[in-house]
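Just so it is clear, the model here is predicted, and its values are computed rather than measured. Residue numbering restarts at 1 for every chain, and letters A, B, ... go by the order of the sequence lines.
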Amino acid sequence: MRIRAAVSAALASAGILLAGWQSGIHLEDTRSAAASTSAGTNGATGTTGATGTTGATGSTGATGSSSSGSGSTDTGASDKGSSAAAGTDSGAAAEPTTGAAAKAGGTYAGSVVQTRFGAVQVQITVKAGAITDVEALQLTDDDRKSIQISNRAAPLLRSEVLAAQSADVQTIGGATVTSVAYLNSLQAALDAANL
Amino acid sequence: MQRISDPRTGAEAPPQPPSLRARTFSCMGTVVSLTLPSASGADELVAATAVVERLFAGLDETFSLYRADSEASRLARAEIKLPDASGEMRRLYADAVGWRLLTEGAFTPERPDGVLDLSGIVKGYAIQEAGTSLLALGLRDWCLNAGGDVLVSGSPGAGSPGSGSDEPWRAGIVDPQDRRTLIAGYPLGGANSANGANGANLALATSGSAERGDHIWAAGAGAGAGARAASGVRGAPAFRQVSVAAADIVTADVLATAIVAGGMPMLDRATDGWNIEVLAVQAGGELLATPGFRR
(Lines give C-alpha, C1' and ligand atoms only; values in the text may rest on other atoms or scores of the structure.)
Protein backbone atom coordinates (compact mmCIF):
# COMPACT_ATOMS: atom_id res chain seq x y z
CA MET A 1 0.00 0.00 0.00
CA ARG A 2 2.74 2.34 0.95
CA ILE A 3 4.56 1.77 -2.29
CA ARG A 4 1.43 2.17 -4.25
CA ALA A 5 0.66 5.38 -2.49
CA ALA A 6 4.11 6.69 -3.15
CA VAL A 7 3.90 5.76 -6.79
CA SER A 8 0.54 7.34 -7.21
CA ALA A 9 1.75 10.42 -5.41
CA ALA A 10 4.70 10.62 -7.72
CA LEU A 11 2.44 10.11 -10.69
CA ALA A 12 0.22 12.78 -9.37
CA SER A 13 3.05 15.16 -8.97
CA ALA A 14 4.16 14.51 -12.49
CA GLY A 15 0.63 14.98 -13.64
CA ILE A 16 0.38 18.24 -11.85
CA LEU A 17 3.57 19.46 -13.35
CA LEU A 18 2.41 18.44 -16.78
CA ALA A 19 -0.98 19.89 -16.39
CA GLY A 20 0.36 23.04 -14.91
CA TRP A 21 2.88 23.33 -17.67
CA GLN A 22 0.37 22.82 -20.38
CA SER A 23 -2.27 25.09 -19.18
CA GLY A 24 0.11 27.64 -17.96
CA ILE A 25 -1.48 28.05 -14.63
CA HIS A 26 0.66 28.31 -11.60
CA LEU A 27 0.14 25.66 -9.09
CA GLU A 28 0.65 28.18 -6.40
CA ASP A 29 -2.31 30.14 -7.58
CA THR A 30 -4.46 27.14 -7.73
CA ARG A 31 -3.48 26.06 -4.33
CA SER A 32 -4.15 29.35 -2.74
CA ALA A 33 -7.44 29.64 -4.46
CA ALA A 34 -8.77 26.27 -3.51
CA ALA A 35 -6.34 25.24 -0.88
CA SER A 36 -4.87 22.12 -2.35
CA THR A 37 -7.88 20.98 -4.23
CA SER A 38 -7.27 22.55 -7.50
CA ALA A 39 -10.14 24.25 -9.07
CA GLY A 40 -9.20 22.74 -12.30
CA THR A 41 -6.75 23.89 -14.77
CA ASN A 42 -8.99 24.16 -17.69
CA GLY A 43 -11.66 26.22 -16.21
CA ALA A 44 -14.53 24.73 -14.37
CA THR A 45 -14.07 21.03 -14.41
CA GLY A 46 -11.05 20.26 -12.41
CA THR A 47 -11.05 16.98 -10.63
CA THR A 48 -8.64 16.22 -7.97
CA GLY A 49 -8.06 13.06 -6.20
CA ALA A 50 -7.57 14.84 -2.98
CA THR A 51 -8.54 12.22 -0.57
CA GLY A 52 -7.74 11.10 2.85
CA THR A 53 -7.36 7.49 2.06
CA THR A 54 -4.56 7.02 4.42
CA GLY A 55 -5.84 3.60 5.13
CA ALA A 56 -5.59 4.35 8.73
CA THR A 57 -7.59 6.04 11.33
CA GLY A 58 -10.86 7.72 10.94
CA SER A 59 -9.40 11.02 11.94
CA THR A 60 -7.32 11.41 8.90
CA GLY A 61 -9.14 11.64 5.75
CA ALA A 62 -12.10 12.91 7.62
CA THR A 63 -12.46 15.66 5.18
CA GLY A 64 -11.49 16.05 1.65
CA SER A 65 -7.84 16.28 1.03
CA SER A 66 -6.76 16.55 4.57
CA SER A 67 -3.36 15.17 5.01
CA SER A 68 -2.55 12.19 7.06
CA GLY A 69 -1.09 12.56 10.46
CA SER A 70 2.14 11.04 9.40
CA GLY A 71 2.89 14.00 7.27
CA SER A 72 3.12 12.15 4.04
CA THR A 73 -0.05 12.68 2.23
CA ASP A 74 -0.46 9.62 0.23
CA THR A 75 -3.34 11.17 -1.49
CA GLY A 76 -3.11 9.85 -4.91
CA ALA A 77 -4.18 12.72 -6.96
CA SER A 78 -6.33 11.14 -9.52
CA ASP A 79 -4.43 8.55 -11.32
CA LYS A 80 -7.36 8.31 -13.57
CA GLY A 81 -6.61 9.91 -16.82
CA SER A 82 -10.09 11.21 -17.02
CA SER A 83 -9.52 14.10 -14.77
CA ALA A 84 -8.81 17.27 -16.54
CA ALA A 85 -6.29 18.38 -14.04
CA ALA A 86 -4.74 16.55 -11.22
CA GLY A 87 -5.05 18.63 -8.19
CA THR A 88 -3.30 17.82 -5.01
CA ASP A 89 0.35 17.78 -4.81
CA SER A 90 1.62 15.39 -2.28
CA GLY A 91 2.99 17.02 0.75
CA ALA A 92 0.55 19.81 0.86
CA ALA A 93 -1.14 19.57 4.16
CA ALA A 94 -4.05 21.73 3.52
CA GLU A 95 -7.58 22.23 4.57
CA PRO A 96 -10.33 21.73 2.12
CA THR A 97 -12.11 24.81 1.18
CA THR A 98 -15.20 23.44 -0.32
CA GLY A 99 -16.81 26.79 -0.55
CA ALA A 100 -14.43 28.23 -3.04
CA ALA A 101 -13.96 25.07 -4.98
CA ALA A 102 -17.56 24.02 -5.08
CA LYS A 103 -18.46 26.61 -7.58
CA ALA A 104 -15.73 25.62 -9.91
CA GLY A 105 -16.15 21.92 -9.37
CA GLY A 106 -13.82 19.27 -8.16
CA THR A 107 -13.82 16.17 -6.09
CA TYR A 108 -14.53 16.07 -2.44
CA ALA A 109 -14.07 13.30 0.00
CA GLY A 110 -16.60 12.90 2.76
CA SER A 111 -15.77 12.07 6.30
CA VAL A 112 -15.07 8.52 7.31
CA VAL A 113 -18.29 7.03 8.59
CA GLN A 114 -18.28 4.02 10.87
CA THR A 115 -20.85 1.47 9.87
CA ARG A 116 -21.39 -2.01 11.17
CA PHE A 117 -19.43 -3.28 8.23
CA GLY A 118 -16.46 -1.06 8.89
CA ALA A 119 -15.30 2.39 7.97
CA VAL A 120 -16.70 3.84 4.80
CA GLN A 121 -15.64 6.96 2.98
CA VAL A 122 -17.16 8.38 -0.13
CA GLN A 123 -15.85 10.86 -2.69
CA ILE A 124 -17.97 12.97 -4.98
CA THR A 125 -17.08 14.77 -8.16
CA VAL A 126 -18.74 18.08 -8.76
CA LYS A 127 -19.00 19.76 -12.09
CA ALA A 128 -20.70 23.06 -12.49
CA GLY A 129 -22.37 22.69 -9.14
CA ALA A 130 -23.81 19.24 -9.79
CA ILE A 131 -22.59 15.90 -8.52
CA THR A 132 -21.46 13.88 -11.47
CA ASP A 133 -19.83 10.92 -9.79
CA VAL A 134 -19.82 9.16 -6.47
CA GLU A 135 -17.04 6.81 -5.60
CA ALA A 136 -16.25 4.74 -2.55
CA LEU A 137 -12.78 5.49 -1.29
CA GLN A 138 -12.76 3.27 1.70
CA LEU A 139 -14.91 0.26 2.32
CA THR A 140 -12.98 -1.65 4.86
CA ASP A 141 -12.11 -1.83 8.45
CA ASP A 142 -8.44 -2.00 9.36
CA ASP A 143 -8.76 -4.90 11.72
CA ARG A 144 -10.79 -7.15 9.51
CA LYS A 145 -9.39 -9.69 7.18
CA SER A 146 -11.91 -9.27 4.48
CA ILE A 147 -13.91 -6.43 3.16
CA GLN A 148 -17.46 -7.11 4.01
CA ILE A 149 -19.75 -4.68 2.36
CA SER A 150 -22.86 -6.70 2.82
CA ASN A 151 -24.42 -9.02 5.32
CA ARG A 152 -26.39 -10.76 2.62
CA ALA A 153 -27.30 -14.37 2.93
CA ALA A 154 -25.16 -16.55 0.70
CA PRO A 155 -25.56 -20.14 -0.40
CA LEU A 156 -24.08 -22.54 2.06
CA LEU A 157 -23.66 -26.26 2.25
CA ARG A 158 -25.21 -28.01 5.18
CA SER A 159 -21.76 -28.95 6.34
CA GLU A 160 -20.81 -25.28 6.48
CA VAL A 161 -23.40 -24.02 8.94
CA LEU A 162 -23.03 -23.99 12.69
CA ALA A 163 -23.79 -27.55 13.54
CA ALA A 164 -25.89 -28.73 16.41
CA GLN A 165 -26.87 -32.05 17.91
CA SER A 166 -30.05 -32.32 19.84
CA ALA A 167 -28.04 -33.60 22.77
CA ASP A 168 -26.03 -30.38 22.88
CA VAL A 169 -28.71 -27.75 22.67
CA GLN A 170 -30.94 -26.30 25.36
CA THR A 171 -33.78 -25.19 23.13
CA ILE A 172 -35.18 -25.84 19.69
CA GLY A 173 -36.17 -23.25 17.14
CA GLY A 174 -38.51 -24.06 14.33
CA ALA A 175 -41.66 -23.05 12.57
CA THR A 176 -44.47 -22.92 15.07
CA VAL A 177 -45.53 -26.35 16.13
CA THR A 178 -49.09 -27.10 17.08
CA SER A 179 -49.78 -28.42 20.53
CA VAL A 180 -50.26 -31.87 19.04
CA ALA A 181 -47.06 -31.76 17.00
CA TYR A 182 -45.22 -30.61 20.09
CA LEU A 183 -45.73 -34.01 21.65
CA ASN A 184 -43.36 -35.57 19.16
CA SER A 185 -41.00 -32.65 18.89
CA LEU A 186 -37.41 -32.34 19.95
CA GLN A 187 -38.39 -29.48 22.22
CA ALA A 188 -40.77 -31.78 24.06
CA ALA A 189 -37.97 -34.24 24.60
CA LEU A 190 -35.75 -31.50 25.96
CA ASP A 191 -38.48 -30.20 28.23
CA ALA A 192 -39.21 -33.70 29.47
CA ALA A 193 -35.56 -34.24 30.26
CA ASN A 194 -35.50 -31.07 32.33
CA LEU A 195 -38.78 -31.53 34.16
CA MET B 1 -16.36 -39.81 34.78
CA GLN B 2 -17.52 -38.38 37.99
CA ARG B 3 -19.86 -35.52 37.88
CA ILE B 4 -18.82 -32.56 39.94
CA SER B 5 -21.88 -31.46 41.77
CA ASP B 6 -21.10 -27.86 42.41
CA PRO B 7 -21.43 -25.95 39.17
CA ARG B 8 -19.79 -22.92 40.72
CA THR B 9 -16.46 -24.70 40.57
CA GLY B 10 -17.05 -25.64 36.98
CA ALA B 11 -14.35 -23.43 35.55
CA GLU B 12 -11.67 -26.06 35.62
CA ALA B 13 -13.98 -29.04 35.40
CA PRO B 14 -14.61 -30.69 32.06
CA PRO B 15 -17.57 -29.18 30.24
CA GLN B 16 -20.82 -30.61 31.43
CA PRO B 17 -24.32 -30.11 30.19
CA PRO B 18 -25.87 -27.34 32.23
CA SER B 19 -28.37 -28.49 34.78
CA LEU B 20 -31.72 -27.07 33.82
CA ARG B 21 -35.31 -27.17 34.89
CA ALA B 22 -38.20 -26.61 32.52
CA ARG B 23 -41.95 -26.13 32.71
CA THR B 24 -44.45 -25.96 29.93
CA PHE B 25 -47.99 -24.82 29.33
CA SER B 26 -50.24 -24.75 26.34
CA CYS B 27 -51.43 -21.49 24.85
CA MET B 28 -52.11 -19.85 21.48
CA GLY B 29 -52.42 -23.24 19.88
CA THR B 30 -48.91 -24.25 20.76
CA VAL B 31 -46.75 -25.09 23.73
CA VAL B 32 -44.65 -22.61 25.68
CA SER B 33 -41.58 -23.78 27.59
CA LEU B 34 -39.73 -21.84 30.22
CA THR B 35 -36.29 -23.15 31.17
CA LEU B 36 -34.17 -21.96 34.06
CA PRO B 37 -30.87 -23.16 35.48
CA SER B 38 -31.58 -25.66 38.24
CA ALA B 39 -29.77 -23.41 40.65
CA SER B 40 -32.61 -20.93 40.40
CA GLY B 41 -34.80 -23.26 42.39
CA ALA B 42 -38.00 -25.07 41.55
CA ASP B 43 -40.29 -22.63 43.32
CA GLU B 44 -38.94 -19.74 41.36
CA LEU B 45 -39.57 -21.60 38.13
CA VAL B 46 -43.14 -22.37 39.12
CA ALA B 47 -43.81 -18.76 40.00
CA ALA B 48 -42.16 -17.45 36.86
CA THR B 49 -44.08 -19.88 34.67
CA ALA B 50 -47.32 -18.77 36.26
CA VAL B 51 -46.53 -15.15 35.43
CA VAL B 52 -45.69 -16.00 31.84
CA GLU B 53 -48.74 -18.19 31.42
CA ARG B 54 -51.06 -15.51 32.74
CA LEU B 55 -49.59 -13.02 30.32
CA PHE B 56 -49.92 -15.34 27.35
CA ALA B 57 -53.47 -16.31 28.29
CA GLY B 58 -54.49 -12.68 28.63
CA LEU B 59 -53.17 -11.79 25.20
CA ASP B 60 -54.73 -14.89 23.67
CA GLU B 61 -58.09 -13.92 25.13
CA THR B 62 -57.89 -10.56 23.40
CA PHE B 63 -56.24 -11.45 20.13
CA SER B 64 -57.26 -14.99 19.23
CA LEU B 65 -59.37 -15.34 16.13
CA TYR B 66 -60.13 -18.89 17.25
CA ARG B 67 -62.24 -17.55 20.12
CA ALA B 68 -65.57 -16.21 19.01
CA ASP B 69 -65.77 -13.89 22.00
CA SER B 70 -62.33 -12.32 21.67
CA GLU B 71 -61.94 -8.67 20.85
CA ALA B 72 -60.14 -9.65 17.66
CA SER B 73 -63.10 -11.78 16.58
CA ARG B 74 -65.55 -8.99 17.31
CA LEU B 75 -63.37 -6.68 15.24
CA ALA B 76 -63.33 -9.22 12.44
CA ARG B 77 -67.13 -9.37 12.52
CA ALA B 78 -67.17 -5.57 12.51
CA GLU B 79 -69.10 -5.53 15.76
CA ILE B 80 -66.64 -2.95 16.97
CA LYS B 81 -64.47 -0.58 15.03
CA LEU B 82 -60.76 -0.17 15.43
CA PRO B 83 -60.94 3.33 16.94
CA ASP B 84 -63.14 1.90 19.69
CA ALA B 85 -60.86 -1.06 20.33
CA SER B 86 -58.71 -1.45 23.42
CA GLY B 87 -55.48 0.46 23.70
CA GLU B 88 -53.48 -2.72 23.43
CA MET B 89 -55.29 -3.73 20.25
CA ARG B 90 -54.69 -0.34 18.68
CA ARG B 91 -51.06 -0.29 19.75
CA LEU B 92 -50.34 -3.70 18.28
CA TYR B 93 -52.19 -2.74 15.14
CA ALA B 94 -50.04 0.37 14.86
CA ASP B 95 -46.92 -1.74 15.38
CA ALA B 96 -48.03 -4.19 12.71
CA VAL B 97 -48.79 -1.43 10.24
CA GLY B 98 -45.37 0.04 10.96
CA TRP B 99 -43.82 -3.31 10.13
CA ARG B 100 -45.85 -3.49 6.94
CA LEU B 101 -44.27 -0.21 5.88
CA LEU B 102 -40.79 -1.31 6.90
CA THR B 103 -41.10 -4.59 5.03
CA GLU B 104 -42.77 -2.97 2.04
CA GLY B 105 -45.86 -5.05 2.47
CA ALA B 106 -44.24 -8.44 2.97
CA PHE B 107 -45.55 -8.44 6.51
CA THR B 108 -49.14 -7.35 6.81
CA PRO B 109 -51.72 -7.44 9.58
CA GLU B 110 -54.57 -8.07 7.19
CA ARG B 111 -55.68 -11.30 5.67
CA PRO B 112 -56.35 -11.41 1.95
CA ASP B 113 -60.06 -11.20 2.74
CA GLY B 114 -59.44 -7.94 4.55
CA VAL B 115 -59.91 -9.24 8.06
CA LEU B 116 -57.56 -7.74 10.60
CA ASP B 117 -55.31 -10.53 11.87
CA LEU B 118 -52.55 -9.66 14.27
CA SER B 119 -51.54 -13.24 14.96
CA GLY B 120 -48.33 -12.66 13.04
CA ILE B 121 -47.15 -10.28 15.72
CA VAL B 122 -49.05 -11.30 18.84
CA LYS B 123 -46.88 -14.24 19.75
CA GLY B 124 -43.68 -12.25 19.41
CA TYR B 125 -45.24 -9.49 21.45
CA ALA B 126 -46.29 -11.98 24.11
CA ILE B 127 -42.78 -13.41 24.30
CA GLN B 128 -41.32 -9.94 24.59
CA GLU B 129 -43.71 -8.95 27.36
CA ALA B 130 -43.05 -12.21 29.16
CA GLY B 131 -39.34 -11.58 28.95
CA THR B 132 -39.78 -8.13 30.42
CA SER B 133 -41.77 -9.66 33.26
CA LEU B 134 -39.11 -12.27 33.95
CA LEU B 135 -36.44 -9.60 34.15
CA ALA B 136 -38.70 -7.58 36.43
CA LEU B 137 -38.96 -10.62 38.67
CA GLY B 138 -35.21 -10.47 39.02
CA LEU B 139 -34.51 -13.51 36.87
CA ARG B 140 -31.39 -13.07 34.79
CA ASP B 141 -30.90 -16.50 33.27
CA TRP B 142 -33.77 -18.06 31.40
CA CYS B 143 -34.87 -19.41 28.06
CA LEU B 144 -38.41 -18.93 26.83
CA ASN B 145 -39.56 -21.00 23.88
CA ALA B 146 -43.03 -20.44 22.46
CA GLY B 147 -43.71 -23.00 19.76
CA GLY B 148 -40.24 -22.71 18.27
CA ASP B 149 -39.63 -18.99 18.76
CA VAL B 150 -37.00 -18.38 21.38
CA LEU B 151 -36.02 -15.50 23.65
CA VAL B 152 -33.22 -15.90 26.18
CA SER B 153 -31.47 -13.95 28.85
CA GLY B 154 -28.12 -14.65 30.42
CA SER B 155 -26.71 -18.13 30.36
CA PRO B 156 -27.81 -21.72 31.01
CA GLY B 157 -24.68 -22.42 33.02
CA ALA B 158 -25.21 -19.90 35.76
CA GLY B 159 -24.16 -21.32 39.10
CA SER B 160 -26.57 -19.20 41.05
CA PRO B 161 -29.07 -16.54 40.18
CA GLY B 162 -27.26 -13.41 39.24
CA SER B 163 -23.79 -14.84 39.05
CA GLY B 164 -23.93 -15.61 35.37
CA SER B 165 -21.38 -17.26 33.20
CA ASP B 166 -20.29 -16.53 29.67
CA GLU B 167 -21.83 -19.57 28.16
CA PRO B 168 -24.61 -18.83 25.67
CA TRP B 169 -27.83 -20.75 25.35
CA ARG B 170 -27.44 -23.07 22.42
CA ALA B 171 -30.45 -23.24 20.17
CA GLY B 172 -30.95 -25.89 17.54
CA ILE B 173 -32.97 -25.25 14.42
CA VAL B 174 -35.08 -28.08 13.12
CA ASP B 175 -34.67 -29.42 9.64
CA PRO B 176 -37.97 -28.73 7.90
CA GLN B 177 -37.52 -31.88 5.87
CA ASP B 178 -36.98 -34.06 8.91
CA ARG B 179 -38.20 -32.46 12.06
CA ARG B 180 -36.47 -35.06 14.19
CA THR B 181 -33.10 -33.65 13.23
CA LEU B 182 -31.41 -30.29 13.50
CA ILE B 183 -30.17 -28.40 10.50
CA ALA B 184 -28.10 -25.85 12.40
CA GLY B 185 -27.34 -24.35 15.74
CA TYR B 186 -27.12 -20.81 16.97
CA PRO B 187 -25.81 -19.35 20.24
CA LEU B 188 -28.12 -16.93 21.99
CA GLY B 189 -27.25 -14.61 24.84
CA GLY B 190 -24.34 -15.47 27.10
CA ALA B 191 -21.56 -13.14 28.21
CA ASN B 192 -23.56 -10.91 30.51
CA SER B 193 -26.24 -10.53 27.93
CA ALA B 194 -28.74 -9.96 30.71
CA ASN B 195 -27.52 -6.40 30.66
CA GLY B 196 -27.75 -6.25 26.91
CA ALA B 197 -24.15 -5.17 27.02
CA ASN B 198 -22.43 -7.27 24.43
CA GLY B 199 -24.87 -6.95 21.59
CA ALA B 200 -25.40 -10.67 21.31
CA ASN B 201 -28.61 -11.76 19.70
CA LEU B 202 -31.13 -12.85 22.29
CA ALA B 203 -33.97 -13.90 20.05
CA LEU B 204 -34.43 -16.54 17.38
CA ALA B 205 -37.64 -16.85 15.41
CA THR B 206 -38.48 -19.28 12.66
CA SER B 207 -41.24 -19.20 10.12
CA GLY B 208 -42.06 -21.73 7.52
CA SER B 209 -44.57 -23.34 5.35
CA ALA B 210 -43.99 -26.73 6.93
CA GLU B 211 -46.03 -26.12 10.06
CA ARG B 212 -49.01 -23.88 10.51
CA GLY B 213 -47.82 -21.46 7.86
CA ASP B 214 -51.37 -20.28 7.39
CA HIS B 215 -50.65 -16.83 8.73
CA ILE B 216 -48.16 -16.20 5.94
CA TRP B 217 -50.49 -15.44 3.14
CA ALA B 218 -48.18 -14.68 0.28
CA ALA B 219 -46.51 -18.03 0.70
CA GLY B 220 -49.78 -19.81 0.15
CA ALA B 221 -50.92 -17.65 -2.71
CA GLY B 222 -50.07 -20.24 -5.29
CA ALA B 223 -51.66 -23.09 -3.39
CA GLY B 224 -55.24 -22.14 -3.98
CA ALA B 225 -55.49 -19.37 -1.45
CA GLY B 226 -56.57 -17.09 -4.24
CA ALA B 227 -54.83 -14.24 -5.91
CA ARG B 228 -53.00 -11.96 -3.55
CA ALA B 229 -54.04 -8.39 -3.88
CA ALA B 230 -50.73 -6.84 -3.06
CA SER B 231 -47.82 -7.45 -5.33
CA GLY B 232 -46.23 -10.31 -3.57
CA VAL B 233 -44.52 -13.53 -4.38
CA ARG B 234 -46.67 -15.81 -6.43
CA GLY B 235 -46.44 -19.46 -6.97
CA ALA B 236 -44.54 -21.77 -4.69
CA PRO B 237 -42.78 -20.10 -1.80
CA ALA B 238 -39.06 -19.62 -2.28
CA PHE B 239 -38.32 -20.70 1.27
CA ARG B 240 -39.56 -23.64 3.25
CA GLN B 241 -38.25 -22.21 6.44
CA VAL B 242 -36.57 -19.01 7.53
CA SER B 243 -34.87 -18.45 10.87
CA VAL B 244 -33.92 -14.96 12.01
CA ALA B 245 -31.72 -14.15 14.99
CA ALA B 246 -32.05 -10.61 16.29
CA ALA B 247 -31.64 -8.58 19.42
CA ASP B 248 -35.37 -8.70 20.10
CA ILE B 249 -38.02 -11.28 19.44
CA VAL B 250 -40.57 -9.09 17.66
CA THR B 251 -38.03 -8.06 15.03
CA ALA B 252 -36.90 -11.66 14.60
CA ASP B 253 -40.45 -12.96 14.37
CA VAL B 254 -41.78 -10.32 12.00
CA LEU B 255 -38.79 -10.51 9.67
CA ALA B 256 -38.85 -14.31 9.54
CA THR B 257 -42.50 -14.12 8.53
CA ALA B 258 -41.81 -11.33 6.05
CA ILE B 259 -38.97 -13.24 4.38
CA VAL B 260 -41.07 -16.35 3.92
CA ALA B 261 -43.81 -14.20 2.44
CA GLY B 262 -41.62 -11.86 0.41
CA GLY B 263 -39.06 -14.33 -0.88
CA MET B 264 -35.58 -13.44 -2.01
CA PRO B 265 -36.11 -9.68 -2.40
CA MET B 266 -37.33 -9.44 1.17
CA LEU B 267 -34.42 -11.57 2.37
CA ASP B 268 -32.00 -9.09 0.82
CA ARG B 269 -33.87 -6.11 2.20
CA ALA B 270 -33.92 -7.64 5.66
CA THR B 271 -30.23 -8.46 5.78
CA ASP B 272 -29.38 -5.03 4.41
CA GLY B 273 -31.66 -3.08 6.66
CA TRP B 274 -31.50 -4.86 9.99
CA ASN B 275 -28.74 -6.17 12.16
CA ILE B 276 -29.85 -9.76 11.97
CA GLU B 277 -28.59 -13.21 11.09
CA VAL B 278 -30.66 -15.33 8.75
CA LEU B 279 -30.73 -19.01 7.87
CA ALA B 280 -33.12 -19.74 5.04
CA VAL B 281 -34.00 -23.19 3.76
CA GLN B 282 -35.02 -22.98 0.14
CA ALA B 283 -37.79 -24.97 -1.44
CA GLY B 284 -35.33 -27.57 -2.69
CA GLY B 285 -33.58 -27.86 0.66
CA GLU B 286 -30.57 -25.68 -0.17
CA LEU B 287 -29.42 -23.25 2.47
CA LEU B 288 -28.80 -19.54 2.40
CA ALA B 289 -27.14 -18.01 5.43
CA THR B 290 -25.62 -14.82 6.69
CA PRO B 291 -22.06 -15.02 8.10
CA GLY B 292 -23.28 -15.49 11.67
CA PHE B 293 -24.61 -18.93 10.80
CA ARG B 294 -21.36 -20.02 9.21
CA ARG B 295 -19.33 -22.41 11.27
Side-chain angles (χ1 to χ4, degrees), chain A residues 113-122 134 136 138-195, chain B residues 17-18 20-24 26 29-31 33 35 123 143 145 147-150 152 156 169-174 176 179-188 204-213 241 243 267-268 271-272 275-280 286-291 293-295:
Chain A
V113 177
Q114 295 297 330
T115 74
R116 68 188 172 98
F117 304 118
V120 172
Q121 189 185 21
V122 168
V134 180
Q138 191 178 335
L139 273 178
T140 180
D141 210 11
D142 348 38
D143 56 358
R144 291 200 188 186
K145 276 181 283 184
S146 61
I147 301 172
Q148 189 195 18
I149 57 171
S150 163
N151 191 39
R152 288 205 169 173
L156 215 58
L157 295 175
R158 292 192 177 214
S159 57
E160 292 175 317
V161 293
L162 288 172
Q165 299 297 321
S166 47
D168 299 331
V169 299
Q170 287 98 40
T171 194
I172 306 287
T176 307
V177 294
T178 62
S179 300
V180 176
Y182 168 83
L183 285 176
N184 294 314
S185 72
L186 290 170
Q187 181 65 39
L190 281 182
D191 290 338
N194 289 325
L195 277 180
Chain B
L20 302 170
R21 211 173 264 135
R23 281 185 78 88
T24 63
S26 191
T30 188
V31 173
S33 313
T35 307
K123 194 172 67 166
C143 174
N145 185 323
D149 293 337
V150 186
V152 310
W169 294 87
R170 287 191 308 279
I173 297 171
V174 295
R179 299 183 63 85
R180 302 294 300 167
T181 63
L182 299 179
I183 200 165
Y186 191 81
L188 293 170
L204 177 71
T206 301
S207 283
S209 34
E211 291 270 351
R212 231 182 67 160
Q241 178 174 293
S243 300
L267 172 60
D268 287 339
T271 52
D272 278 356
N275 198 359
I276 54 171
E277 299 291 346
V278 182
L279 176 74
E286 307 88 354
L287 300 184
L288 292 175
T290 52
F293 272 103
R294 193 178 279 272
R295 78 155 80 228

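Neither the backbone nor the side chain of B:Ser243 has a heavy atom closer than 4.5 Å to any heavy atom of chain A.
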Table please: side-chain donor-acceptor pairs of residues 165-175 of chain A below 3.5 Å, with sequence neighbours left out.
{"residue": "A:Gln170", "atom": "OE1", "partner": "B:Arg170", "partner atom": "N", "Å": "2.7"}
{"residue": "A:Thr171", "atom": "OG1", "partner": "A:Gln187", "partner atom": "OE1", "Å": "3.4"}
{"residue": "A:Thr171", "atom": "OG1", "partner": "B:Asn145", "partner atom": "ND2", "Å": "2.8"}

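Residues B:Ser26 and A:Ser179 have side chains that bring a donor and an acceptor to within less than 3.5 angstrom of each other.
Using a 4.5 Å cut-off on side-chain heavy atoms (C-beta onward), A:Arg158 and B:Ile183 make contact. Side-chain contact between B:Leu267 and A:Arg152: absent, with no pair of heavy atoms (C-beta onward) separated by less than 4.5 Å.
The structure places CG of A:Leu186 at 5.0 Å from CZ of B:Arg180, a figure rounded to the nearest 0.5 Å. Atom CG in B:Leu287 sits 8.0 Å away from atom CG in A:Leu157 (nearest 0.5 Å). Distance check, rounded to the nearest 0.5 Å: CD of A:Glu160 to CZ of B:Arg295 gives 9.0 Å.
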Side chain to side chain contact (heavy atoms under 4.5 Å, CB included) between B:Lys123 and A:Thr176, intermediate numbers included: CA-CA 10 Å; B:Lys123 194 172 67 166; A:Thr176 307; 2.9 Å; yes
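For the set B:Val150, B:Ile173, B:Leu20, the count of heavy-atom pairs under 4.5 angstrom toward chain A peaks at B:Leu20. Taking B:Ala171, B:Ala184, B:Ala289, B:Ala280 one by one and counting their heavy-atom pairs under 4.5 Å with chain A, the maximum is reached by B:Ala289.
Closest approach of A:Asp191 and B:Ala22 over heavy atoms only: OD1-CB, 3.9 Å.
A donor-acceptor pair is defined here as one N or O able to donate and one able to accept, closer than 3.5 Å; such a pair exists between the side chain of B:Thr30 and the backbone of A:Val177.
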